[in-house]
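Here's the structure, in structure tokens; my notes come after.
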Amino acid sequence: MAAANLSAALRAPAHPMAKVGYGKRDAPDQAPPRAADFAGLEPREAAIAAYIDRLPEGAAIGYKVLAEELPDYGQQACRSALDRLTRAGHLRRIKVHVPWPTARCAG
């Protein structure tokens, strides 16, 4: 009983969420996860891809956040892994143009 309470107290905080409109988004045509999804990747990329795959929609997946959450990898390792996952077709990063709000000066 004491061990169960100890492990509950040591749980890490939830993964940070991105600002509204950013972060992980589920793909509607994505197949259900399988054990062999990331088998062809290097171990680091496979580990980071599996971690991202388990995150909820809207979770922050920038390389700085991932480096904080994954103590085995630094910022540069996470950034390189995200680039390799993008090139391999496992990750799609989209840039969306956000129009600058027009403000009127009073006076």
Looking at CG of Asp83 and SG of Cys78, how far apart are the two atoms once the value is rounded to the nearest 0.5 Å?
-> 11.5 Å
Listed pairs under 3.5 Å, donor-acceptor, residues 53-66 side chains, sequence neighbours left out:
from, atom 1, to, atom 2, distance (Å)
Asp53, OD1, Gln30, NE2, 3.3
Arg54, NH1, Ala50, O, 3.4
Glu57, OE1, Asp26, N, 3.3

Listed partners of Phe38 passing ring pair (Phe, Tyr, Trp, His ring centres under 6.0 Å), at least two apart = His90
What's the shortest heavy-atom distance between Ala67 and Gly74, and which atoms?
-> CB-C, 3.7 Å
Closest non-hydrogen atom pair, Leu41 against Ala46 | CB-N, 4.0 Å
Taking atom CD1 of Ile48 and atom CD of Glu69, what is their separation to the nearest 0.5 Å?
-> 12.5 Å
Determine which pairs satisfy salt bridge (Lys or Arg N to Asp or Glu O under 4.0 Å) with at least one residue from residues 36-47, sequence neighbours left out, and list them in order.
-> Arg34-Asp37, Glu45-Arg84
Please check if atom CZ in Arg92 has more than 12 non-hydrogen atoms from other residues, nucleotides or ligands closer than 6.0 Å.
-> no
Nearest heavy-atom neighbours spanning Thr86 and Arg93 = OG1-NE, 3.2 Å
